[in-house]
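First the structure, in the form of structure tokens, and then the observations on it.
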Amino acid sequence: MRRHRQSRILATLGPSSSTPERIRALVEAGADVFRLNFSHGSHADHAARLGLIRDIERETGRPIGVLMDLQGPKLRIGTIEGGKVTLENGRRFRLDLDPTPGDATRANLPHPEIFAALEAGTELLLDDGKLRLRVDAFGPDFADTTVLVGGALSDRKGVNVPGVVLPISPLTAKDRADLDYGLSLGVDWVALSFVQRPEDIREAREIIGERAWIMAKLEKPSAIERLDEIVALADGVMVARGDLGVELPPEQVPMLQKRIVRSARAAGRPVVVATQMLESMIVSPVPTRAEASDVATAIYDGADAVMLSAESASGQFPVEAVTIMDRIIRQVEQDPAWRTSLEASHVPPESNTPDAICCALRRVTALLSPAATVAYSSSGFSCLRASRERPATPILGLTPQLTTARRLALVWGVHPVPFEDVHDVAEMVEHAQTAAVTHEFARPGDDVVIIAGLPFGRSGSTNLLHVVKIPQ
């Protein structure tokens, strides 16, 4: 089950991919981590899928990460008389707290927090940006607007308020209940939606603690304004291009994608590029050429992982979608320009011992071309730091913690292996050589590079680099 690529694939499970046979086929095709989308499905559905993942993990002997994706606040209008109405350009339209069904002149917006954050001139987007309103006047319970871009408006359509930090928590009552359940199941990552500011990550951390790693979904313009702060507090980030593309002009999204990837790589945080990567494969067995190029661009930029949403959750060709994504990644990683691109975007190390060791690792692998790097890590820190350098060899991540191994399944270049703990350097070298051969990363006579922290078991103490030749 060794992956012959460095970038990872995150696949969403759903109605099209919830049988043991289908999940096993997705793993064999190349899925490294599975996403459970708590915006859909019941707790029982997600528990059943996670149980199947763990069964297949035991069968294959390969750690598989599980990411639970919280829904986050969903801002929507109320009902419309007759189910639908047409808003015309230039007409006045009011949003208010009145729960009665709306019409061509007004609609219910049951979110007083939106009215509290408005300013004159603020634009409101309805139905994923298809309709656009300008706020002319407002109060604590209403907003009078002018329709800038009209069209059909039906019941319960979503509302976006770009450029405004809303005074609401990213964790709704539903999210908190989902989070409590997901953590009890043993998920490895929690994707936090509706992140607007660093404080949102701190709020989630107080609840989650060390039970899972937090992935900040970057989908709000306000989060981009404080990007580096949010990246520093999170364990990973996701470029959530769907919602980001609603609240920002589409021509800005590619630039922001690159900026987010650069920021995450600089901080040594795993970064996932998500949304509509192979969208046509929901109904087609092959992607468009533009979609293939989109996946390739994320890999050239050095993203840790690319994600499939509806393509694998509800599409007609989930296994084919993972297969073609695997093929695209491997093709890109065979291109010399890919390595040149990674080198050009390399981030200088900081002045500390772990960075110095991992910077040396990058140089050693480039000069000696060893078969593999073996990183010992209890918390995952050494593997993350090694991955940040994007070394020329794969990273065999040996950890005594199965939970750490599962979390590292999302990280660029890291092939996680649960392994017994070591107590001295001689034992470390012996285990590293054995693991490299057993997992088909090296053969007798090959060099391997080992990094670790002494004393063993202390997080963040990476301070050893050792090159050894596997005995013939």
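Predicted model, so just to flag it, every value in this text is computed and none were measured.
For Glu113, the CD atom is densely surrounded, since the number of other residues' heavy atoms within 6.0 Å is greater than 12. Enclosure of atom CZ in Arg92 by more than 12 non-hydrogen atoms of other residues, nucleotides or ligands within 6.0 angstrom is indicated.
A side-chain contact (heavy atoms from CB on, under 4.5 Å) with Arg132 is found for one member of Thr145, Leu125, Val147 and no other, namely Leu125. Each of Arg205, Arg211, Arg269 was compared with Asp235 under the salt bridge (Lys or Arg N to Asp or Glu O under 4.0 Å) criterion, and only Arg205 meets it.
Here the side chain of Asp96 pairs no donor or acceptor atom with the backbone of Leu109 at under 3.5 angstrom. Although no hydrogens or angles enter the test, the distance criterion places a donor-acceptor pair under 3.5 Å between the side chain of Lys174 and the main chain of Phe38.
Side-chain contact check for His346 and Glu389: at least one donor-acceptor pair (N or O, by modelled atom type) lies under 3.5 Å. Between Ser42 and Asp45, the side chains place a donor N or O and an acceptor N or O closer than 3.5 Å (distance only, hydrogens not considered). For the 3.5 Å distance criterion, the side chains of Asp178 and His43 qualify, holding a donor opposite an acceptor.
With respect to Glu343 and Arg362, a salt bridge is recorded, a charged nitrogen being found less than 4.0 Å from a carboxylate O. A salt bridge does not link Arg24 to Glu28: none of the charged side-chain nitrogens sits closer than 4.0 Å to a carboxylate oxygen. Salt-bridge annotation for Arg62 and Asp32: present, with a side-chain N of the basic residue lying under 4.0 Å from a carboxylate O of the acidic one.
A perpendicular orientation is assigned to the rings of Trp189 and Trp213, their planes being inclined by more than 60° (bins at 30° and 60°).
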**OP:** Carefully, step by step, assess Asp200 and Arg226 under the rule salt bridge (charged side-chain N to carboxylate O under 4.0 Å, His left out).
**Re:** CA-CA 12 Å; Asp200 295 336; Arg226 303 183 68 181; over 6 Å; no

